Amino acid sequence: MSNFLRNTIRFVFFILLQALVLHRIPFLHESITPYLYYLFIIWLPFGMNRGWLTFTGFLFGLTLDYFLDTPGLHAAACTLIAYIRPFLVNLLIPQEGAEQSHTSPSIRSMGWAPYFTLVLILTILHHTYLVFLEWLEIGSLWYFFSKVLATSGVSMLLVLLAELLFVRKERYRTNTA
């Protein structure tokens, strides 16, 4: 399956999962909203141009905003993490490492510690920015910090579950010259 087709299927899957399942969980919705959709941006290929990565993040977030009827909140947060992701990848893995021989970030390509450091930083950044934009309407500092921590914790559990349940077959690049 081509990367374009695989990423298109992931795009649709994560949008539908977030909009139709995770966003409608009633007992968590008031204080904790479990987010998993941003994993689509993390799983995009290493070799993707930063401009295309940022545009894809914006388009992905805008599509989710359309389904959730939110005025650009998710588009802003997705654009931010899509822009920051290449910087973090370059910091977390050596230049001769996974980026050269694997196609996308994963536990196999980066190792447990760098991969979960990447995911944790992007999760906290995404949720902090998203809740901050949401918080501008509400204004309670306690609400802000508790929602960021709670949603980040639940989201990290979902990411761990997704990584364990959906083992992605890695493609190795054999000619890296």
Side-chain angles (χ1 to χ4, degrees), residues 10-11 13-46 48 50-93 104-107 110-164:
R10 284 182 188 161
F11 187 99
F13 172 75
F14 279 117
I15 292 289
L16 293 176
L17 177 69
Q18 187 66 44
L20 300 177
V21 178
L22 295 175
H23 196 71
R24 298 184 189 267
I25 297 175
F27 61 91
L28 291 176
H29 185 65
E30 289 302 317
S31 60
I32 302 171
T33 305
Y35 295 117
L36 186 63
Y37 71 91
Y38 65 94
L39 196 56
F40 168 77
I41 296 167
I42 295 171
W43 283 358
L44 286 172
F46 281 126
M48 195 172 204
R50 183 180 312 249
W52 279 112
L53 185 65
T54 305
F55 177 73
T56 303
F58 171 75
L59 185 65
F60 183 69
L62 195 63
T63 305
L64 187 63
D65 283 330
Y66 175 76
F67 280 102
L68 299 181
D69 198 27
T70 53
L73 297 176
H74 299 283
C78 286
T79 303
L80 176 68
I81 67 167
Y83 183 76
I84 298 292
R85 191 194 90 158
F87 292 117
L88 288 174
V89 167
N90 286 336
L91 285 174
L92 292 172
I93 60 175
S104 64
S106 69
I107 294 170
M110 296 176 71
W112 277 93
Y115 180 73
F116 276 106
T117 302
L118 173 74
V119 171
L120 182 66
I121 291 171
L122 290 178
T123 298
I124 291 172
L125 187 65
H126 175 271
H127 293 357
T128 301
Y129 194 62
L130 186 67
V131 173
F132 176 73
L133 293 174
E134 203 177 74
W135 178 64
L136 292 175
E137 297 174 4
I138 296 170
S140 168
L141 195 58
W142 171 249
Y143 171 79
F144 174 75
F145 286 120
S146 64
K147 183 148 184 173
V148 167
L149 290 175
T151 56
S152 294
V154 169
S155 295
M156 284 303 293
L157 286 173
L158 287 175
V159 167
L160 179 62
L161 257 165
E163 284 292 335
L164 294 175

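Just so it is clear, the model here is predicted, and its values are computed rather than measured.
Of the possible donor and acceptor atoms, one in the side chain of Gln18 sits under 3.5 Å from a partner among the backbone N and O of Leu36. With hydrogens and angles disregarded, no donor-acceptor distance shorter than 3.5 Å links the side chain of Glu134 to the backbone of Tyr129. Side-chain atoms of Arg50 do not come within 3.5 Å of backbone N or O of Pro86 as any donor-acceptor pair. Side chain of Thr128 to backbone of Leu125: no donor-acceptor contact under 3.5 angstrom is found.
Residue His126 comes nearest to Ala77 through the heavy atom pair CD2-CB, 3.5 Å, listed as atom of the first residue, atom of the second, then distance. The shortest non-hydrogen separation linking Pro45 to Ser104 is CA-CB, 4.0 Å. The two residues Leu133 and Ala76 come nearest to each other via the heavy atoms CD1-CB, 3.8 Å. Considering all non-hydrogen atoms of both residues, Ile42 and Pro105 come closest at O-CG, 3.2 Å. Shortest non-hydrogen contact noted between Thr151 and Lys147 is OG1-O, 2.6 Å.
Under the 4.5 Å side-chain criterion, counting only non-hydrogen atoms from C-beta, Cys78 is in contact with Tyr37. Considering only heavy atoms from C-beta on, Trp112 stays 4.5 Å or farther from Glu163 through its side chain. Looking at Pro34 and Ile25, their side chains come closer than 4.5 Å, going by heavy atoms from C-beta outward. Put simply, the side chain of Thr56 reaches to within 4.5 Å of the side chain of Phe40, judged on heavy atoms. Considering only heavy atoms from C-beta on, Leu22 comes within 4.5 Å of Leu158 through its side chain. Between Thr70 and Leu73, some side-chain heavy-atom pair lies under the 4.5 Å cut-off.
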Between His74 and Phe67, is a ring pair (Phe, Tyr, Trp, His ring centres under 6.0 Å) present by the stated rule, with each step listed?
CA-CA 11 Å; His74 299 283; Phe67 280 102; over 10 Å; no
Would you please test Ser155 and His127 for side-chain hydrogen bond (donor to acceptor under 3.5 Å, both in side chains) and show each step?
CA-CA 9 Å; Ser155 295; His127 293 357; 2.9 Å; yes
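Atoms CD1 and CZ, on Ile15 and Phe11 in that order, are 5.0 Å from each other to the nearest 0.5 Å. Put simply, CE on Met156 and CG on Leu161 are 11.5 Å apart, with the number rounded to the nearest 0.5 Å. To the nearest 0.5 angstrom, Leu53 atom CG is 7.5 Å from Ile41 atom CD1. To the nearest 0.5 Å, atom CG of residue Leu92 and atom CZ of residue Phe87 are 13.5 Å apart. Note that the CD1 atom of Ile121 and the OG1 atom of Thr117 stand 6.0 Å from one another [nearest 0.5 Å]. With rounding to the nearest 0.5 Å, the separation of CE in Met48 from OG1 in Thr54 is 9.5 Å.
For the pair Arg10 and Phe60, the NZ or CZ position fails the cation-pi test of under 6.0 Å to the six-membered ring centre and within 45 degrees of the ring normal.
Just one of Phe116, Tyr35, Tyr38 meets the side chain to side chain contact (heavy atoms under 4.5 Å, CB included) condition when paired with Thr123; it is Tyr38.
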